[in-house]
Student: 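This is the structure, below, for whatever I ask next.
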Amino acid sequence: MHAYRTHNCAALSKGNVGETVRLSGWVHRKRDHGGVLFVDLRDHYGLTQIVADEDSPALPILDGLRLESVVTIDGEVKARAEGTVNPNLPTGEIEVFARAVTVQSTADELPLIVNSAEDYPEETRLKYRFVDLRRERVHNNIVLRSNVIASLRRRMIDQGFTEFQTPILAASSPEGARDYIVPSRLHPGTFYALPQAPQMFKQLLMVAGFDRYFQIAPCFRDEDLRADRSPEFYQLDFEMSFVTQEDVFNAIEPVLAGVFEEFSGGKSVTPAGSFPRIPYAEAMLKYGSDKPDLRNPLIISDVSDHFQQSGFGLFEKIVGTGGVVRAIPAPGTHEKSRKFFDDMNDWARKEGFAGLGYVTRKGGEFGGPIAKNHGPDNMAKIYAELGLGENDGLFFAAGKQGDAVKLAGAARTRVGEELGLIPDDRFEFCWIVDFPMFEYDEEAKKIDFSHNPFSMPQGEMEALETQDPLDIKAWQYDIVCNGYELSSGAIRNHRPDIMYKAFELAGYTREDVDSNFSGMIEAFKLGAPPHGGSAPGIDRIVMLLADEPNIREVIAFPLNQRAQDLMMGAPSAVSARQLRDVHIRTIEPPKQEKPATED
RNA sequence: GCGGGUGUAGCUCAGUUGGUUAGAGUAUCGGCCUGUCACGCCGAGGGUCGCGGGUUCAAGUCCCGUCACUCGCGCCA
């Protein structure tokens, strides 16, 4: 007989009755009735009820064990008597009568309880992550993650993509996020950088003629965290040669739609081939965001023209000085109290905006200060234009265009949530396309790249030479699902002449390009195919599929919000010897475990 | 860097306009219990009310500061 088990804890059923078996697992739960003891034995696969009565030598041993101790049970499979079958348990028709027990590992008092869905402080959960990971929810999330990655890999390979690995110790690049850096021992004063993404390497693989690349790629960015952002994360990174934007879309839509359909648990998914394509400018107008949640039915409208001449002086002044007024419908709010509208305004002010105006409407009757000053006839014109009914309220975000767009977008989300308009039974995908190539940098008072500088401008060289740079669009696109940016990609600029010209418009010389991006620009001078790709974020995909609000719920060993590993103690001070080896001297002494008493 | 929220038993939380010995559930420990499956019953131990200062006759409660965790902004694709 195997040393530890003949079956796992989900394997036994009525067909095994009478067999002598050996099971190993954790003591999930105990029910002690004095003369008879029930133990739910748990492993990765499931639960099996173990029974020990006064005839069993296992009784006193199991009785004395704390939960989460690990045991091996030798016993006999018995059918449960009628009335004692547990229909909620896959193994609920049988139980194992314990003849003997071997204690493999005893558990001390636990910092968190495995057999409970109770919420624990993240600090506790992360410090004892190995215990937390035994709990059903996170355990399932991590399994889901593995299955999603396996499915993605299979789908990519089936489409003729080839999987590669690229360096982790790479060169720092001047643009983009802050790099995690690694000091070089052999070359004093120099550093590697962990890749923010394998961007250049995948493009070089295209130059190398591999045609279709993909990788489950680890990426590192030393920036502050969010609920959906971890400093280390994974992307389904892919790149294709001799493709247009259309080809990239056609390649990845079936992969994403397929994997979502496979794991969505019955939620509807935008079918491959029908992801809506929304130009960036339209997204900013209608949704106030470049990552719109299309489940939210509310559409923002520009109503600036209506306030050019208005009794409502504030809006008239804003429009008159180049600002805009955006309207966010609040359908069916005739029953809502004044507090609902005032609370929205308070919320907007708390978010740092000047305020959120509103008009109420009950049975056709307008209410609120804006309606009063602007006049019911003029309000009716706006309502007619927006197609609003006689019981619909309307919020207004007014100000400089950037501020108004942002407020309108946030208000759209908030109104949608408050009114319960966002269905949670679907995954709605879209592409955001036609991102601007350049933008005006208010701080630096100059034109700069608004996205990735290596994207091909639409219209290529001719556009760069003849158009206002701020009007030029890029072959740059994002995939958005339910308000989360899942992926960013582009058709790349593989032409050195266009590259130099694009950088020139952003104020960089040929020498700047040559010195900062020498590897890539050299490669493009030695025969580079047109190419493009994208990189869907795997953690966010799993997060959406697991219906988790936080990315750390789908990472086995995540860093906390301040980028620390509470279990292993990273980051940590290193020895003077280690520092000397890599030619580093720290300026501030590393924080000691027990700091000297202050105050 | 900035703003919001939270911080009371190992854990989840309650704690009145400031008032006398800070509670419950759960976990732990002890006892009882032969059919439970979130078993049940009895009992016990367990508290720097995050930390520091202040106001007050009196602070878990009010004020100031600070720390930790978290959410958001900045930042970041």
Side-chain angles (χ1 to χ4, degrees), chain A residues 28-41 47-56 59 63-64 66-68 78 80-89 91-92 95 97 107-128 131 175-179 196-197 199 219-231 233 235 237 290-291 346-347 349-353 406 410 432 435 443 449-452 455 476-480 484-490 534-537 540 549-550 552 560-562 564 566 595 597-599:
Chain A
H28 186 64
R29 191 176 273 129
K30 291 197 293 183
R31 291 174 296 279
D32 184 357
H33 290 255
V36 62
L37 172 70
F38 300 95
V39 170
D40 291 338
L41 193 69
L47 287 178
T48 298
Q49 175 164 285
I50 309 297
V51 191
D53 66 14
E54 280 172 333
D55 298 336
S56 169
L59 178 65
D63 197 32
R66 267 189 290 264
L67 298 185
E68 295 307 306
K78 292 189 171 178
R80 293 209 202 176
E82 207 167 326
T84 64
V85 167
N86 184 349
N88 301 319
L89 205 59
T91 59
E95 61 197 7
F97 185 85
D108 286 341
E109 192 172 341
L110 294 158
L112 46 77
I113 300 166
V114 174
N115 67 35
S116 149
E118 193 167 356
D119 207 13
Y120 287 90
E122 205 170 12
E123 205 175 348
T124 307
R125 294 181 54 201
L126 294 184
K127 189 167 176 192
Y128 300 97
V131 179
E175 41 83 39
R178 190 178 296 113
D179 287 320
Q196 298 175 26
Q199 184 64 34
C219 305
F220 306 88
R221 290 172 194 169
D222 188 3
E223 297 290 350
D224 287 344
L225 278 64
R226 290 289 183 276
D228 63 350
R229 233 161 62 189
S230 166
F233 59 100
Q235 291 183 334
D237 195 39
D290 61 357
K291 41 180 186 173
D346 291 344
W347 158 81
R349 297 176 71 96
K350 226 170 119 185
E351 294 283 306
F353 296 101
K406 227 169 131 183
I432 306 298
F435 279 86
E443 270 187 27
F449 294 105
S450 65
H451 238 78
N452 186 326
S455 301
Q476 169 86 41
Y477 37 82
D478 284 359
I479 299 173
V480 174
Y484 286 95
E485 181 196 307
L486 279 193
S487 184
S488 198
S534 192
R540 285 187 187 166
N550 190 304
R552 295 187 289 274
N560 72 359
Q561 208 262 348
R562 298 216 304 162
Q564 297 163 302
L566 299 177
T597 41
E598 290 169 4
D599 302 331

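On a predicted model such as this, the values are computed, not experimentally measured, just so you know. The sequence lines fix the lettering, A, B, ..., with proteins before strands; numbering per chain opens at 1.
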Student: In whole angstrom, give the distance that lies between atom CG of A:Asn88 and atom C1' of B:U36.
Tutor: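 Taking CG of A:Asn88 and C1' of B:U36, I get 13 Å after rounding.
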Student: When you check the gap from the basic side-chain N to the acidic O, do A:Asp40 and A:Arg31 get nearer than 4.0 Å?
Tutor: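 Counted as a salt bridge, because a side-chain N and a carboxylate O are separated by less than 4.0 Å.
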Student: Need the pair for B:U20. Rule: Watson-Crick or G-U wobble, both distances under 3.5 Å, any strand; none if unpaired.
Tutor: none
Student: I'd like to compare against my own output: the B/S/- annotation of nucleotides 69-77 of chain B with a strict under-4.0 Å heavy-atom distance to protein.
Tutor: SBSSBBBBB
Student: Parallel, tilted or perpendicular: which fits the ring planes of A:Phe435 and A:His451, with parallel below 30° and perpendicular above 60°?
Tutor: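 Tilted.
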Student: For B:G1, which nucleotide is its Watson-Crick or G-U wobble mate, given both distances must be under 3.5 Å?
Tutor: B:C73
Student: Between B:C57 and B:G15, how far apart are the two P atoms, rounded to whole Å?
Tutor: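 Result for the P pair: 28 Å, nearest Å.
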Student: Taking atom P of B:C39 as reference, at what distance in whole Å does atom CD of A:Glu95 sit?
Tutor: 15 Å
Student: Rounding to an integer number of angstrom, what distance separates B:C13 and B:G19 when you compare their C1' atoms?
Tutor: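 After rounding to an integer number of Å, I get 24 Å for this pair.
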Student: Less than 4.0 angstrom from a charged side-chain N to a carboxylate O is my criterion; do A:Glu223 and A:Arg178 meet it?
Tutor: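 Here A:Glu223 pairs with A:Arg178 in a salt bridge, since their nearest N and O are under 4.0 Å apart.
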Student: Considering only atom P, compute the distance from B:G50 to B:C11 and round it to an integer number of Å.
Tutor: 13 Å
Student: In Watson-Crick or G-U wobble terms, both distances under 3.5 Å, what is the partner of B:G7?
Tutor: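 For B:G7, the partner nucleotide comes out as B:C67, under the 3.5 Å rule.
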Student: When we call it a touch if two heavy atoms are under 4.0 Å apart, what does A:Asn115 touch: a base, just sugar-phosphate, or nothing?
Tutor: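 Nothing: the residue A:Asn115, judged by heavy atoms under 4.0 Å, touches no strand.
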Student: Identify the nucleotide, in any strand shown, that forms a Watson-Crick or G-U wobble pair with B:A58, with both distances under 3.5 Å; if there is none, say none.
Tutor: none
Student: Could you check how far CG of A:Asp63 sits from P of B:U28, rounded to whole Å?
Tutor: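 Spelled out: CG on A:Asp63 to P on B:U28 is 12 Å.
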Student: Please state how far atom CG in A:Leu37 lies from atom C1' in B:C32, giving the value in whole angstrom units.
Tutor: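 In whole Å, B:C32 C1' and A:Leu37 CG are 15 Å from each other.
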Student: B:G47 pairs with which nucleotide, Watson-Crick or G-U wobble, both distances below 3.5 Å?
Tutor: none
Student: Mind listing the N/O atom pairs, protein and nucleotides 23-27 of chain B, below 3.5 Å?
Tutor:
none

Student: With hydrogens left out and only the distance checked, is there a donor-acceptor pair under 3.5 Å joining A:Arg80's side chain and the base of B:C37?
Tutor: yes
Student: To the nearest Å, how far apart are A:Lys30 NZ and B:G35 P?
Tutor: 18 Å
Student: Report which part of the nucleic acid A:Tyr120 touches: base, sugar-phosphate, or nothing (heavy-atom distance under 4.0 Å, all strands).
Tutor: sugar-phosphate
Student: Apply side chain to side chain contact (heavy atoms under 4.5 Å, CB included) to A:Leu112 and A:Arg125, showing your working.
Tutor: CA-CA 8 Å; A:Leu112 46 77; A:Arg125 294 181 54 201; 4.0 Å; yes
Student: B:U36 C1' sits how many Å from A:Asp40 CG, rounded?
Tutor: 9 Å
